[in-house]
2 protein chains.
Amino acid sequence: MNVINESPRRKELTRLAAQLFVQEGFDRTTVRMLAQEMGIKSGSLFHHFRDKQEILAAVIEEGTHNALAMARQALVECGPDAESRLRAMARAHLETLLTDRNAHVVALYEWRRLDPEARAHLSHLRDAYEALWEEVIDAALAQGLIHGDRFLVSRFVMGALNWTVRWYDPRGPRTPDDLADELVAMITRHPA
Amino acid sequence: MNVINESPRRKELTRLAAQLFVQEGFDRTTVRMLAQEMGIKSGSLFHHFRDKQEILAAVIEEGTHNALAMARQALVECGPDAESRLRAMARAHLETLLTDRNAHVVALYEWRRLDPEARAHLSHLRDAYEALWEEVIDAALAQGLIHGDRFLVSRFVMGALNWTVRWYDPRGPRTPDDLADELVAMITRHPA
DNA sequence: GTCTATAATGGGATAGAC
DNA sequence: GTCTATCCCATTATAGAC
């Protein structure tokens, strides 16, 4: 079962599950909670998913798939220079994390809860997303926009971005785009 | 019950619990697992802790207390300039996360699992640690070593550091100190 | 301080009717 | 596609003996 041929019921359940997994965490979310959100009984869930693990896998597939699609789109629409591309990636990343605020967060924070088979099945998606980042960061390094080790820079940047989930308050004065721009400014070296 | 007057048994249990909470997560760690690690039966645990929540609170108190102590010590021993102090904080932070690899990680990643009373009781420790960071970052900003918004810079830096837990491999070529130095280099602006 | 035994609860999952 | 009913199991926590 992949992202493309899903029933509408299953799609809606995946959406609700993502929300609960972010709020409560995967382990503390019970099938009964999810069923109640959907307005059905817990037994009925297992018509749509084999088990609770499959719900998690569906959410994470959705979240990663979406992040990848958003990032690709952002790269198509932005300017060709390394800084524009870096900013576009950071903005897209934070939009999926802070605005959408669901499936991608689960993908990042509950990845370890996936069983080995699901992890194997989904790692290509994750790798594709990370490859996009490395490509953009490589270009920024090659151009001297940023300095340092390719591996470390990309992980530090991802860490700074991913951690925003823990403290960002959407009611505050800053938009996700503001955050992305500030981060890029922090690590790039301009002629003033 | 605070960090100072703990029985040796309780101290050892707290240490083992920290290890399990990092490996498995708080929710998936059962009292039976912890008891087995200790070589006792699960019922015996409740002689040392009122309930499972209190175990978590003990681990988090230990982790935050320790991080604060290490950071203070590092600031005493390092050079007086803003860059030395920033590097010292980053090194101390990563040492508690990656070398000790236990209680401080739990403090960061399982804070949300604390019940409200425990959170209220421990937030002063956490605030003291964050105040130390803000002080050092303020100095670096004032001196022009780094640029940007005080609030955002400190959260981006903490995010980059905290996320290392997810990917750092101690068998790799880099030490935690290498990571700290590279991060400081990435965000500071030198005359080349 | 630890044991045995067990209470009390809630969890994931199934079967078969509708 | 959902319901009811229920099974089976693991979990936290307690009581009282040693």
Side-chain angles (χ1 to χ4, degrees), chain A residues 1-2 4-62 106 110 112-119, chain B residues 1-2 4-60 106 110 112-119:
Chain A
M1 186 76 81
N2 59 45
I4 295 178
N5 47 358
E6 279 188 331
S7 75
R9 294 303 273 166
R10 183 174 156 121
K11 235 174 131 61
E12 174 67 0
L13 281 167
T14 303
R15 198 184 64 78
L16 291 172
Q19 196 179 316
L20 286 169
F21 292 169
V22 169
Q23 279 167 24
E24 303 289 327
F26 173 67
D27 292 320
R28 291 164 66 96
T29 300
T30 68
V31 294
R32 286 172 169 82
M33 290 162 72
L34 176 55
Q36 185 162 32
E37 287 291 306
M38 189 67 175
I40 60 179
K41 300 296 177 182
S42 67
S44 308
L45 283 177
F46 297 92
H47 175 74
H48 303 282
F49 301 93
R50 194 186 342 270
D51 53 22
K52 198 185 168 193
Q53 265 292 319
E54 198 179 278
I55 307 180
L56 178 61
V59 171
I60 291 184
E61 176 167 17
E62 155 94 11
V106 176
E110 306 283 5
R112 299 184 319 159
R113 297 282 163 262
L114 285 174
D115 61 30
E117 307 97 78
R119 212 176 296 185
Chain B
M1 186 77 81
N2 58 44
I4 296 178
N5 46 0
E6 279 189 333
S7 75
R9 295 301 274 166
R10 184 175 155 121
K11 235 175 131 62
E12 175 67 359
L13 281 168
T14 303
R15 198 184 64 79
L16 291 172
Q19 196 178 315
L20 286 169
F21 291 169
V22 169
Q23 279 167 23
E24 303 289 326
F26 173 67
D27 292 321
R28 290 163 66 96
T29 300
T30 68
V31 294
R32 286 174 170 81
M33 290 163 72
L34 175 55
Q36 185 162 31
E37 286 290 306
M38 190 66 177
I40 60 179
K41 299 296 176 183
S42 66
S44 308
L45 283 178
F46 298 92
H47 176 75
H48 303 282
F49 301 93
R50 192 184 346 269
D51 53 24
K52 198 186 167 192
Q53 264 292 320
E54 198 179 277
I55 307 180
L56 178 62
V59 171
I60 291 185
V106 176
E110 307 282 4
R112 299 185 320 158
R113 297 282 164 261
L114 284 174
D115 61 29
E117 307 96 80
R119 211 177 297 185

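A, B, ... follow the sequence lines: proteins, then strands. Residue 1 opens every chain.
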*With sequence neighbours excluded, tell me which residues meet salt bridge (Lys or Arg N to Asp or Glu O under 4.0 Å) with Arg50(B).*
Glu54(B)
*Rounded distance in Å - CG (Leu45(A)) to P (dT14(C))*: 12 Å
*Mind jotting down which residue pairs meet the salt bridge (Lys or Arg N to Asp or Glu O under 4.0 Å) criterion with at least one end in residues 14-34 of chain B? Sequence neighbours excluded, please.*
Asp27(A)-Arg28(B), Arg28(A)-Asp27(B), Glu12(B)-Arg15(B), Asp27(B)-Arg113(B)
_Check whether Glu110(A) reaches the backbone of Gly25(A) with its side chain - one donor and one acceptor, N or O, closer than 3.5 Å._
no
Check nucleotides 8-12 of chain C for protein N or O atoms closer than 3.5 Å to its own N or O atoms and list the pairs.
from	atom 1	to	atom 2	distance (Å)
dG12(C)	OP1	Lys52(A)	NZ	3.2
dG12(C)	OP2	Val31(A)	N	2.9
dG12(C)	N7	Arg32(A)	NH1	3.2
dG12(C)	O6	Arg32(A)	NH2	3.4

*Pick one: which of Val106(B), Ile55(B), Thr29(B), Thr30(B) meets side-chain contact (heavy atoms from CB on, under 4.5 Å) with Leu20(B)?*
Thr29(B)
_Can you pull out every side chain to side chain donor-acceptor pair (under 3.5 Å) where at least one residue sits in residues 36-45 of chain B? Sequence neighbours excluded, please._
none
_Which atom of Leu56(B) lies closest to which atom of Phe21(B), heavy atoms considered_ = CA-CE1, 4.0 Å
*Interatomic spacing from CG in Leu13(B) to CG in Leu34(B) - rounded to 0.5 Å*: 5.5 Å
*Roughly how far apart are Leu45(A) CG and Asp51(A) CG, rounded to 0.5 Å?*
11.5 Å
*Where does the chain A footprint on DNA chain D start and end, counting 5' to 3' with a 4.0 Å heavy-atom cut-off?*
dG1(D) to dT4(D)
*Does Lys52(B) make a cation-pi contact with Phe46(B), if we ask for NZ or CZ under 6.0 Å from the ring centre and within 45° of the axis?*
no
*For Ala58(B), does its backbone N or O pair with a side-chain atom of Arg10(B) as donor and acceptor, under 3.5 Å?*
no
*Once you build an axis from the first five pairs and another from the last five of the helix from dG1(C)-dC18(D) to dC18(C)-dG1(D), how far apart in angle are they, to 10 degrees?*
10°
